[in-house]
Amino acid sequence: MMADRLKTVFGHLHHQSSCTTAENVSAQAGISSQPSLKYTLDMPKLSLEQRKFYEENGFLVIRKLVAPSKLNSYRKRFEEICKRNVKVPGLIIMRDVAIKDSEFVAGEKAITKIQDFQGDDVLFEYCALPEVVDYVESFVGPDVVAMHTMLINKPPDSGKMTSRHPMHQDLHYFPFRPAERIVCSWTAMQKINRENGCLVVVPGSHKGHLLTHEYPKWEGGVNKMYHGIQDYDPSQDRVHLDMEEGDTVFFHPLLIHGSGTNRTTGFRKSISCHYASGHCYYVDELDPEQKIIADEVLELAKKRTGKDVDLKLEDIWRLKSRLVKGKDVLNAW
Ligand SMILES: O=C(O)CCC(=O)C(=O)O
């Protein structure tokens, strides 16, 4: 019994130390990665031109990838969740600071984002859509794990600019690596442009490193866990991604991005999933830059469970991840 347990633990440690590079992770998945194309893999879906674009810019938009009928079903499910007709285990429901501090607002209008919907088969269908996953494999390989799921319902701005999402890098939140084998898919559930707060990206920033994040000192306040890059330089070239319903952007977790104020009277909706290769690994030690988010997430987990348990950040990620296809070595013990 004891020997088996030790074998498992040592096997796990061995796994961690033996796959510390994107090349190793690709090799474990049976894919060769070329040094000149380090952010994409030699899989059938992407053309060479698309691969080169992502390599250079850290994002790639695919037009009309998800059918309106699918997005309608996710929209309806979101409404049901907001009305509390459906209860999803593990789901996190977030409210905009401006709404939270004002009078009670019912239903959909109170909710700015739902997160961790892996326990809901209707919404999780998005993460497993073959049309999406076919592209995801070009970034992470054939073993695909959904790590983080969100449906964002950006509210009309209250006038305090709280609907903005500060410029950040998603890797700030993640205790797994390598970054090259992680990708986000983000699908517009309606027309999204500068008026209602589209995504804004800094092309090429995925080639940099993880920067220090903190809560921005915005006058109107900022939503919980919406950290932004400390000392962000607004003079960097940015691109606003105008998208139509169903358009999907795939982007690297180091890409600097955020989203603007919603200056319309409607709620702006998008659905997204962060995927990792099943051969990624959890880091033994987080980057010092990540301490602020790790402490906040662990504090929240303790509050939610009501227990003062000794949790590590990776325990939370193991619980919320869900296999999409192939093998999940990342979350195996
Ligand atoms: O959809 C948005 O407004 C931005 C979402 C985003 O960047 C994030 O949640 O990391």
Side-chain angles (χ1 to χ4, degrees), residues 22 38-40 52-61 94 96-98 112-113 139 148 150 152 154 157-186 188 192-243 249-263 268 270 272 274 283 286-297:
K38 70 179 223 176
Y39 299 103
T40 58
K52 284 186 175 160
F53 185 90
Y54 187 89
E55 296 281 330
E56 197 47 39
N57 295 287
F59 70 94
L60 180 70
V61 177
M94 297 165 98
D96 187 83
V97 263
T112 185
K113 167 151 108 173
F139 308 103
H148 184 58
M150 291 187 286
I152 301 150
K154 192 191 269 288
D157 199 79
S158 62
K160 295 185 172 168
M161 313 259 281
T162 52
S163 64
R164 280 179 299 173
H165 197 132
M167 298 301 274
H168 65 283
Q169 296 164 303
D170 290 338
L171 197 71
H172 168 66
Y173 297 89
F174 303 158
F176 43 92
R177 300 287 185 278
E180 284 75 18
R181 297 289 82 89
I182 302 171
V183 74
C184 177
S185 78
W186 186 102
I192 298 186
N193 53 23
R194 288 184 80 157
E195 266 305 286
N196 59 2
C198 63
L199 278 188
V200 186
V201 302
V202 178
S205 53
H206 66 303
K207 295 180 192 164
H209 55 272
L210 183 60
L211 301 167
T212 304
H213 290 60
E214 62 178 3
Y215 275 116
K217 294 166 191 73
W218 289 345
E219 232 176 78
V222 66
N223 287 324
K224 218 156 170 41
M225 303 225 184
Y226 278 29
H227 296 182
I229 293 170
Q230 198 179 53
D231 308 324
Y232 170 71
D233 171 11
S235 70
Q236 294 177 89
D237 283 344
R238 304 190 300 179
V239 172
H240 290 81
L241 300 182
D242 261 24
M243 294 167 75
V249 58
F250 294 92
F251 62 91
H252 187 280
L254 280 172
L255 185 79
I256 297 176
H257 68 285
S259 65
T261 311
N262 181 0
R263 293 189 299 267
R268 188 231 75 183
S270 57
S272 80
H274 283 88
V283 292
L286 291 170
D287 287 5
E289 289 79 11
Q290 291 181 280
K291 187 169 166 18
I292 161 181
I293 187 67
D295 288 350
E296 193 172 343
V297 170

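In what follows, every heavy atom counts, from backbone to side chain, and hydrogens, waters and symmetry copies are set aside.
Of the possible donor and acceptor atoms, one in the side chain of D157 sits under 3.5 Å from a partner among the backbone N and O of T162. Proximity of a side-chain donor or acceptor of E180 to a complementary backbone N or O of Y39 within less than 3.5 Å is not detected. Under a 3.5 Å cut-off, the side chain of Q290 and the backbone N or O of L171 do form a donor-acceptor pair. With hydrogens and angles ignored, the 3.5 Å screen pairs no side-chain donor or acceptor of Q169 with any backbone N or O of P253. Judged purely by atom type and a 3.5 angstrom limit, R164 uses its side chain to pair as donor or acceptor with the backbone of M161.
Between H206 and Y54, the ring planes lie tilted relative to each other; the angle falls in the 30° to 60° range.
Heavy-atom minimum distance, K207 versus E56: NZ-OE2, 3.3 Å. Residue M225 comes nearest to E296 through the heavy atom pair CG-OE2, 3.6 Å, listed as atom of the first residue, atom of the second, then distance. Considering every non-hydrogen atom in both I256 and S205, the closest pair reads N-OG, 2.8 Å. Residues V200 and M167 share a closest heavy-atom pair of O-CE, 3.8 Å. In terms of heavy-atom proximity, C184 sits nearest to S272 at SG-CB, 4.2 Å. Contact record, L210 with D287: CD2-OD2, 3.7 Å, taken as the closest heavy-atom pair.
Applying the salt bridge (charged side-chain N to carboxylate O under 4.0 Å, His left out) test to K52 and every residue at least two apart in sequence or in another chain returns nothing. Looking at residues two or more places apart in sequence or on another chain, you find no side chain to side chain donor-acceptor pair (under 3.5 Å) involving E289. Listed by chain and number, the residues in a ring pair (Phe, Tyr, Trp, His ring centres under 6.0 Å) with F250 are Y135, F139 (sequence neighbours excluded). Taking D295 as the reference, K291 meet the salt bridge (charged side-chain N to carboxylate O under 4.0 Å, His left out) condition, with sequence neighbours excluded. Under the rule for a side-chain contact (heavy atoms from CB on, under 4.5 Å), the partners of Y173 that lie at least two apart in sequence or sit in another chain are H168, H227, I293.
Here OG of S259 is found 7.5 Å from CD1 of I152. Values are rounded to the nearest 0.5 Å. Residue I292 holds its CD1 atom at 9.5 Å from OG1 of T212, rounded to the nearest 0.5 Å.
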List the atom pairs, donor and acceptor, that lie under 3.5 Å between side-chain atoms in residues 236-243 and the rest of the protein, sequence neighbours left out.
from, atom 1, to, atom 2, distance (Å)
Q236, NE2, D233, O, 3.2
H240, NE2, R194, NH2, 3.4

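Between F59 and F53, the distance from one ring center to the other falls under 6.0 angstrom.
Counting heavy atoms from C-beta outward, L199 and W186 have side chains that approach closer than 4.5 Å. Taking the side chain as every heavy atom from C-beta outward, K154 and N196 never approach each other to under 4.5 Å.
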- prompt: side-chain contact (heavy atoms from CB on, under 4.5 Å) between L211 and Q230: does it pass, once the steps are laid out?
  reply: CA-CA 8 Å; L211 301 167; Q230 198 179 53; over 6 Å; no

- prompt: Stepwise, does the side-chain contact (heavy atoms from CB on, under 4.5 Å) test hold for F174 with I182?
  reply: CA-CA 10 Å; F174 303 158; I182 302 171; 4.1 Å; yes

query: Passes side-chain contact (heavy atoms from CB on, under 4.5 Å), S163 versus R268? Steps please.
result: CA-CA 10 Å; S163 64; R268 188 231 75 183; over 6 Å; no

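Of the options H165, H213, H172, a ring-ring contact (aromatic ring centres under 6.0 Å, His included) to Y226 is made by H165 and by none of the others.
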